[in-house]
Amino acid sequence: MTGSPARTLLLWCPDWPVLAAEIVDGVPATGPVAVLHANRVVACSERARAEGVRRGLRKREAQGRCPQLTVVEYDPGRDARAFEPVVAAVEELVAGVEVVRPGACAVAARGPSRYLGGEEAAAERIIEHVAQSCLVESQVGIADGVFAAGLAARGGRVVAPGGTPEFLAGLPVEALGRSALADLLRRLGVRTLGDFAALPAGDVLARFGFDGALAHRLAAGRDHRPLAVRQPPADLTVTAEHDEPIDRVDAAAFVARALAEQLHERLAGHGLACTRLGIEAVTEHGQELHRVWRHDGLLTAGAIADRVRWQLDGWLSGSNGRTGARPARPTSGIIRLRLIPDGVIAQAGLQAGLWGETGEERERAHRALSRVQGILGPEAVVTAVLGGGRSPADQVRLVPWGDERLPARPGPPADAGADPATGRGGGGAPPWPGRLPAPAPAVVLPSPLAATVHDAAGEPVVISARLAVSAPPARLVVGTGQPAEIVGWAGPWPVDERWWAPVEARRRARFQVSLADGAALLLAVEAGQWLVEAIYD
């Protein structure tokens, strides 16, 4: 290729995975937060960096440096969804935006600089507009080519036309974003991009291959890749405005049905179906309410209407469908209701059954359970989702019927075994030290039962700090019941959780025991107290 790289304006949002976790999941980014992928830190908040947390650290080392660290699992889908409003805000000012990755987008600088009065004025205008529209802080860099503009954005710089090679020359080789190549170059004595760019192109290709040759071109400022301009997505949001505030659940249900039909028709017109629905409402007093409903499948018009009705019922009556404290209801009625298809797929995007379409029995069961939910609320029908954890209670999460079946904690596949010594699951799953070996108990008690365990001499069995058992367990008494003879036992499996947080710290050990009457129980001892946690078949 010939010619110089195009002038490029790149907007970069620092620590975007952390901000996305705040936007989507409500994790406060002002606190010490770290986003982890494969047990290593890939992003962290400013306060976490002040405590010594850095990218690349392992989870335990990061928590050792900052005991109050909030850990969030890396979710590229969450990052992309949260970044969409930022891209839309940029598109309100300029056209032809390319999303480089969640947290960074680029546009040709020529148009904005002409329209907004110069490159620096365009950068300031875009930063200000994103801050006002999305409440997100960002930085803009302008240089020749996308690669150089991304590096310039880190310092909020505008590199003069033709000055990109000089700007890149003083940067370290780690700026290439290729850790293996950077490590090799440093061992060869090549420490800056200028040193790397000075090497003969033929020798670089022969020694480092095609990827090394591409990095060599980037280091020399010869980034000729054209911008991959995206097409703005179709506006699928539906909105209903009301002169009279809605403060009754029956009126809200009527509005929900009409708006759901409108959204379903709009999606069908684009050959799409909704899997994740955002519901927004504005009250007469200016209160803004927002909730995202996820669904394990396609949301039909009836399913959309049900979820909108449930949510409006929760807002207007101060009920969330669960027992316990009721949230405060709005101080006035709703005057604006908006439905946002936060996740869409093609109508044919779901996998059919193995032998064709989904069976009639499944459809009948789905309709019946959805009807129960429509009468009693979304929490009336729940299904269990298995995940990771050290205790049986930790490994099960109950989710409403139709919601996404996502485990609360990562865990091994259902058919993967676990090593009793290490608790490490099969299939490359993350380790859970202290995890119980198979089989899993059949009944997990919602509240553990107090018990006492004695040895053959009638003395209480105690566990030392070094996990030494004072004597083999011989008899078990649950509550005020009769003593039962213990004919077999295994353990202990120690668990020392959240030792870095004294308020949440928990230290215990578990035992499996079999009784003379054929029963098998899971026992735990904590602070000297024996408890019955679960029952085996």
Side-chain angles (χ1 to χ4, degrees), residues 23-26 81 84-85 88 133-135 234-270 272-295 297-344 367 369-381 399-404:
I23 295 170
V24 177
D25 298 331
R81 293 194 304 272
E84 179 62 29
S133 302
C134 308
L135 302 179
D235 185 10
L236 303 174
T237 303
V238 295
T239 306
E241 304 273 357
H242 301 279
D243 296 332
E244 293 294 330
I246 302 174
D247 53 8
R248 298 198 328 269
V249 175
D250 56 346
F254 179 79
V255 172
R257 173 65 61 176
L259 205 58
E261 292 286 352
Q262 182 181 348
L263 175 61
H264 192 262
E265 291 178 3
R266 182 170 295 186
L267 290 171
H270 289 82
L272 301 173
C274 183
T275 60
R276 191 170 52 249
L277 175 69
I279 305 173
E280 292 184 355
V282 178
T283 69
E284 188 179 17
H285 291 170
Q287 294 169 289
E288 296 185 2
L289 311 171
H290 180 76
R291 173 73 156 83
V292 175
W293 287 81
R294 292 171 172 83
H295 184 62
L298 299 181
L299 283 168
T300 63
I304 294 174
D306 284 342
R307 280 153 179 79
V308 178
R309 177 168 57 83
W310 295 337
Q311 190 58 53
L312 293 177
D313 184 14
W315 282 335
L316 295 176
S317 64
S319 171
N320 60 3
R322 296 179 175 88
T323 58
R326 296 162 67 91
R329 57 176 297 174
T331 58
S332 60
I334 294 173
I335 60 173
R336 183 185 308 123
L337 181 63
R338 177 177 299 168
L339 303 186
I340 305 168
D342 191 43
V344 295
R367 288 195 298 269
L369 296 177
S370 297
R371 178 165 295 185
V372 173
Q373 282 185 315
I375 297 173
L376 301 179
E379 304 290 339
V381 182
V399 300
W401 174 261
D403 280 13
E404 282 185 322

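The structure displayed is predicted, hence computed values, not measured ones. Computed from heavy atoms alone, side chains included, the values below leave out hydrogens, waters and symmetry copies.
- Between the side chain of Gln287 and the backbone N or O of Thr331 there is at least one donor-acceptor pair closer than 3.5 Å.
- Considering CD of Glu244 and CD of Glu284, their distance stands at 8.5 Å, rounded to 0.5 Å.
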Given Glu280 and Leu337, is the side-chain contact (heavy atoms from CB on, under 4.5 Å) satisfied, shown in steps? CA-CA 6 Å; Glu280 292 184 355; Leu337 181 63; over 6 Å; no
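- To the nearest 0.5 Å, atoms CZ (Arg257) and CD (Gln262) are separated by 14.0 Å.
- Side-chain atoms of Ser332 come within 3.5 Å of backbone N or O of His285 as a donor-acceptor pair.
- Counting heavy-atom neighbours within 6.0 Å of Glu241 CD, excluding the residue itself, gives a total above 12.
- Put simply, CD1 on Ile23 and CG on Leu135 are 9.0 Å apart, with the number rounded to the nearest 0.5 Å.
- Considering Leu236, Val238, Leu277 as possible partners of Pro341, the one that fulfils the side chain to side chain contact (heavy atoms under 4.5 Å, CB included) test is Leu236.
- In this structure, CD1 on Ile304 lies 9.5 Å from CG on Leu259, to the nearest 0.5 angstrom.
- Between the side chain of Arg338 and the main chain of Thr237, no donor-acceptor pair closer than 3.5 Å is present.
- With rounding to the nearest 0.5 Å, the separation of OG1 in Thr283 from CD1 in Ile246 is 12.0 Å.
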Under the side-chain contact (heavy atoms from CB on, under 4.5 Å) criterion, do Ile334 and His242 qualify, and how do the steps go? CA-CA 8 Å; Ile334 294 173; His242 301 279; 5.7 Å; no
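- In this structure, the side chain to side chain contact (heavy atoms under 4.5 Å, CB included) partners of Pro85, at least two apart in sequence or on a different chain, are Cys134.
- The two residues Ala305 and Ala260 come nearest to each other via the heavy atoms N-CB, 3.6 Å.
- The minimum heavy-atom distance linking Ile279 with Val308 is given by the pair CD1-CA, 3.8 Å.
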